[in-house]
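A note on names: the letters A, B, ... follow the listed sequences, proteins ahead of strands, and every chain is numbered from 1.
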Amino acid sequence: MKQYDHNKIEKKWQKEWEVKKVYKTENSSKKKKYYVLDMFPYPSGAGLHVGHPRGYIGSDVYARMKRMQGYNVLHPMGYDAFGLPAEQYAIEHKIHPRKAVEKNIKTFRGQLDKIGFSYDWSREVNTTDPEYYKWTQWIFLQIYNSYYDEQKNKARPISELIKKFEKTDKNWKKLSEIEKEKILMNYRLAYEGYSEVNWCPKLGTVLANDEIVDDKDGNPVSERGGYPVEKKSMRQWFMRITAYADRLVSDLDGLNWSSHIKEIQKNWIGVSEGSEIEFKTSINRNIKVFTTRADTLFGVTYVVLSPEHTNIGEFAVQSQNMAEVTEYIREAKERVKKEDITVEKEKTGVELKGIKAINPANGEEVPVWVADYVLASYGTGAVMAVPLHDERDREFAEKYNLPIIDRPFVDAKEITEKVNGKLVKKYKIRDAVFARQRYWGEPIPLIHNADGTIRDVADKKLPLVLPSVTSYEPTGTGESPLAGVKAWAKAGYETNTMPGWAGSSWYFLRYMDPKNKKAFADKKMLKYWKDVDMYVGGQEHATGHLLYSRFWHKFLFDMGYVPTAEPFKTLKNQGMILASDGRKMSKRWGNVINPDDIVKTYGADTLRVYEMFMGPFEASQPWNTDSIIGSRRFIEKVWRIANSASLDNAFRRSHSVLEGQVRSGHSEDSSKHHLALQKLLHKTIKKVSEDIENFSFNTAISAMMVLVNEMDKAENISSADFKLFLQILAPFAPHITEEIWREMGEKKSINIATWPKYNPKLLIEDTLKVVVQINGKVRAEIDIPADASEEKVFETAFENENVKKWIPNTSEIKKKIYVKGRLINFVV
RNA sequence: GCCCAGAUGGCGGAAUUGGUAGACGCGAUGGACUCAAAAUCCAUUGGUGGCAACAUCAUGAGAGUUCGAUUCUCUCUCUGGGCACCA
């Protein structure tokens, strides 16, 4: 018997597949399309550990089956290579991030290739390639030059808004360019603004949230160096994702995603429906509050403003205790800067003495307070306090001895209308910051003119290429290193770069037409490929990438650039593979298992089978190298059967057992065996097909193990049947099945062979096993003909010795239950 | 604190619309082969009682619905994830 040399076999076929372009996707085709996508990786310096390919293997198995089922499958891979780690690596090793990225991609590709994926590598994308980010920049400009039309409920070009202003507003034309700019900035879907950032004075740089850790006293410090971090307001670019909040929630209904991820997104966007109600005050300014409990309006005993409320200054000035109020506001701001956001703090506040608010429902005068338990950034930055029904208000009222009153509920909608309020929806989600004060990202293609206005970089000047710099170190001012490039600054280019999520928000569209120089993808290609049918990746992207790309996609849809409103129809989240100690695999714990080692020792096929067999695809699992041996034994058993005399015997006959039975008179006994094996084969084909479709890979493999164990015992197996088995195993173990397939004389790759169909006739059993329960306990098992009547089944049951033992007298039976072909239950 | 998911042998996990709990794999024990080992093969493997047939208990805990519950309902415990004063 030939030796199973996995290294030789796997290298041989990987090379052959590449040379023959077996997995090349057709550009346009009469075949139906199927798009199977992995979340592309960030190529870190550490390379892959065995956990990373889990999702890739699952999607690969799926893609391979779809390909064999006759679809034109798009199954690509690429790299998301902008971002902080590459920049940090560059700073530490004094090399250009591009060089670091190139090196890391090479490592990744090498590791991926060994596992035998069916990617069409001719479509590879890399977000840091200027030919790619040209289109990231182009899309940014489309967003920048658009606004959200609330009437049409979709994005429209900003030029339409300008026209509208010109028509309806006489003063518009009189405004200076800068004034116009300022107004338009309030509408643009990408806009300039200010926001708080994490500022580390010692490092002279802005830090991302994951670069900050707590020191032993719980204060935020930089992960690198342990220096204090504070809040600082800086100029930023934003994306107006809030305009899409409603659609981002409601369109979730149509997606075939796990309810878990949908729930996370829903909570993150955080829709609340409520009322905006105005309280008149004793000074000449109203207070508008937002509440979801307008029904409790009569129970209001005070009104609270956030210390950062837009009009807080005016209220402070007109209060009798101005000094005290001003001091409180100052302190509150100070706290925001320092404090860790997560701790629940004791409520503090101060009354605006002399100022009263008037409850519009009943004209009652209530006091007005400033307190930092009210957030400026949510609702209207002011609330009406109903201590009886709101825990926070009650806590505050108790502390400051404010009245807590019990008033009857009223209808929320009616009262809102009665007091001239407005029914509104509010969202927790904030506009997304779209700027990093870093070097290694896509330059934002805007130019700041000397007069303060902003203009686009012209389309034909794109890509605006990231310039070389002498140092990637932070500038110390908080600005990106680009500010230190003389020519860049002189030209007035924006010095912020785009955040990591820019390039990953649309990459799946580029795969459809990766080399296109005239558009991010050709219209025809977009029309053919439409959207991603099956998207596989980690659930940690629920509130990041998966939300941002939906937002970008909806924008592109509004503007007519893509044919669907949602990018990813079905989403599967693979579970994480933990180290055998139950912790995450990490260099830090020294518990990393490299797939290269596993492939070398056990083979790629074994690795693939094992990772799919470990447990449910979406569940996290600890890695256990000892258990791999089971998958290896399974693969070896297949090899052994392929090379055994039992297959050769059958091979010579070269027709299936069913036919054999009819044509030649084999002994009855052996025919029966063959029939049983063939029935099992077809049952397995059915199960494996369904299980792959449902991503239940572990049970698919288990079913194939059962089949292989039976084949191992069989005296002969027809080659036709064995080939059918090889085909359903091929998505999991493409190398060994290819080797055997070709040895059996096939000329074309098994990986593009037609997916087997099971024969329904072979699934029909003529006798069934029926369980007999007495009072719900299993007491016997009887064989009945498949077409037996209910009476006949009961009759057979009574003939059983054990049943007789438990029910000597059939008249004792109170109730008889028969579940067809499965079970009987006698209640006595 | 609120929201979501989960808990099944020594371990990873199966179980169709409520219908034989423990498929498949790992590990373990005994045996065959071998000078020996590895590999492979055979048998056993949830607990208790019994030589056995078999009986009995058992799916985190407790209750409920049902002829019948791992599956449905309620309460609780624990584990994992999300949110963090969002009015």
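Remark: R632(A) is not in phosphate contact with G25(B), judged by side-chain N or O atoms under 4.0 Å from OP1 or OP2. Close to G13(B), at under 4.0 Å from its OP1 or OP2, lies a side-chain N or O of Q621(A). Residue Y373(A) has no polar side-chain atom (N or O) positioned under 4.0 Å from OP1 or OP2 of A87(B). Regarding contacts with the backbone of G82(B), every side-chain N or O of T543(A) stays at 4.0 angstrom or more from both OP1 and OP2. Put simply, R640(A) has no side-chain N or O that comes within less than 4.0 Å of OP1 or OP2 on U40(B). At G25(B), one or more side-chain N or O atoms of N709(A) fall inside 4.0 Å of OP1 or OP2 (strictly under the cut-off).
When the nucleotides C83(B), A21(B), A87(B) are ranked by their closest atom to the side chain of V383(A), A87(B) comes out on top. Out of C3(B), G25(B), U20(B), the shortest distance to the side chain of L823(A) is found at U20(B). Here the side chain of T699(A) is nearest to one of C26(B), A14(B), G82(B), namely A14(B). With distances taken from any side-chain atom of I817(A) to the nucleotides G27(B), G19(B), U20(B), the minimum falls on G19(B). Comparing A87(B), U20(B), C3(B) by their nearest atom to the side chain of Y378(A) picks out A87(B). Looking at the side chain of D712(A), the nearest of the listed nucleotides C41(B), C24(B), C83(B) is C41(B). Among G25(B), U16(B), A87(B), the nucleotide with an atom closest to any side-chain atom of F613(A) is G25(B). Between G27(B), C83(B), C4(B), one nucleotide has an atom nearer to the side chain of I629(A) than all others, and that is G27(B).
Here V819(A) lies in heavy-atom contact (under 4.0 Å) with a base. Residue-level contact check: K816(A) touches neither bases nor backbone, having no heavy atom under 4.0 Å from any strand. Within the nucleic acid shown, V304(A) has no heavy atom closer than 4.0 Å to any nucleic acid atom. Residue contacts shown for N825(A) include a base, since a base heavy atom lies under 4.0 Å away. Using a 4.0 Å heavy-atom distance criterion, N775(A) is classed as making no nucleic acid contact. Looking at heavy-atom distances under 4.0 Å, W806(A) makes contact with sugar-phosphate atoms alone, never a base. Among the protein residues, S702(A) comes within range of the nucleic acid bases, having at least one heavy atom under 4.0 Å from a base atom. Within the nucleic acid shown, V827(A) comes within 4.0 Å of sugar-phosphate atoms alone, with no base atom in reach, counting heavy atoms only. Backbone-only engagement by Q539(A) is indicated by non-hydrogen atom pairs under 4.0 Å involving sugar-phosphate atoms exclusively. Residue contacts for N698(A): at a heavy-atom cut-off of 4.0 Å it reaches the sugar-phosphate backbone alone, with no base atom in range. Within the nucleic acid shown, P616(A) comes within 4.0 Å of sugar-phosphate atoms alone, with no base atom in reach, counting heavy atoms only. K687(A) comes within 4.0 angstrom of nothing in the nucleic acid, heavy atoms only. Residue contacts shown for I701(A) are absent, as no nucleic acid heavy atom lies under 4.0 Å away.
Atom P of nucleotide A5(B) and atom NZ of K262(A) are separated by 13 Å, given to the nearest angstrom. In this structure, the CE atom of M705(A) is 12 Å from the C1' atom of G13(B), given to the nearest Å. One atom, CZ of R633(A), and another, P of G25(B), lie 10 Å apart when rounded to the nearest Å. In this structure, F826(A) atom CZ and G68(B) atom P are separated by 16 Å, rounded to whole Å.
Distance noted for atom P between U34(B) and G46(B): 32 Å (whole Å). Taking atom P in both G6(B) and A87(B), one finds a spacing of 27 Å when rounded to whole Å. For the C1' atoms, the distance linking G1(B) with G18(B) amounts to 36 Å, nearest Å. Separation of the P atoms belonging to C74(B) and G22(B) is 29 Å when rounded to the nearest angstrom. Across G25(B) and G31(B), the matching P atoms stand 23 Å from one another, rounded to whole Å. Look at the P atom in both A14(B) and C72(B): the space between them is 16 Å, to the nearest Å. The C1' atoms of A43(B) and C35(B) are separated by 26 Å, rounded to the nearest whole Å. Comparing the same atom, P, in A23(B) and in A15(B) gives a spacing of 13 Å after rounding to whole Å.
Counting atom types as modelled, K347(A) pairs a side-chain N or O with a base atom of C85(B) as donor and acceptor under 3.5 Å. On a pure distance criterion of 3.5 Å, no polar donor-acceptor pair joins the side chain of R779(A) and the base of U20(B).
For W501(A) and F551(A), the ring centers sit 6.0 Å or farther from each other. For an aromatic pair to be called close, the ring centres must be under 6.0 Å apart, and Y400(A) with W369(A) satisfies this. Aromatic pair Y302(A)/F396(A): ring centres closer than 6.0 Å. Aromatic ring centroids of F409(A) and H389(A) lie under 6.0 Å apart.
Each of S631(A) and K713(A) has a nearest nucleotide on RNA chain B; the 5'-most of these lies closest to S631(A). Between M614(A) and K815(A), the residue anchored nearer the 5' end of RNA chain B, judged by the nucleotide with its closest heavy atom, is M614(A).
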For a quick test of your reading: what N or O donor-acceptor pairs under 3.5 Å do the side chains of residues 690-700 of chain A make, sequence neighbours left out?
unit_1	atom_1	unit_2	atom_2	d
E690(A)	OE2	K686(A)	NZ	3.3
D691(A)	OD2	K687(A)	NZ	3.1
D691(A)	OD2	T699(A)	OG1	2.8
D691(A)	OD2	A700(A)	N	3.2
E693(A)	OE1	K66(A)	NZ	3.1
E693(A)	OE2	Y62(A)	OH	2.7
N694(A)	ND2	E690(A)	O	3.1
T699(A)	OG1	S696(A)	O	3.0

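The cationic group of K683(A) does not satisfy the cation-pi geometry with Y758(A), failing either the under 6.0 Å distance to the six-membered ring centre or the 45° limit from the ring axis.
Annotation for K8(A): atom NZ does not count as buried by contact number, only 12 or fewer foreign heavy atoms lying within 6.0 Å.
In this structure, the side chain of D295(A) does not engage the main chain of V410(A) through any donor-acceptor pair within 3.5 Å. Judged by distance alone, with hydrogens and angles left aside, the side-chain atoms of W257(A) form a donor-acceptor pair with the main-chain N or O of F568(A) at under 3.5 Å.
Contact check for Y373(A) versus D393(A): side-chain heavy atoms found under the 4.5 Å cut-off.
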* Can you check side chain to side chain donor-acceptor pair (under 3.5 Å) on Y4(A) and N643(A), steps first, answer last? -> CA-CA 10 Å; Y4(A) 171 49; N643(A) 290 282; over 6 Å; no
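Base-pairing analysis of RNA chain B finds the following stems of at least three consecutive Watson-Crick or G-U pairs, with both pairing distances under 3.5 Å: B:1-7 with B:77-83, B:10-12 with B:24-26, B:27-32 with B:40-45, B:46-49 with B:54-57, B:60-64 with B:72-76.
Glycosidic conformation of G46(B): anti, with the torsion beyond 90° of 0.
For D246(A), the salt bridge (charged side-chain N to carboxylate O under 4.0 Å, His left out) test picks out K425(A), with sequence neighbours left out.
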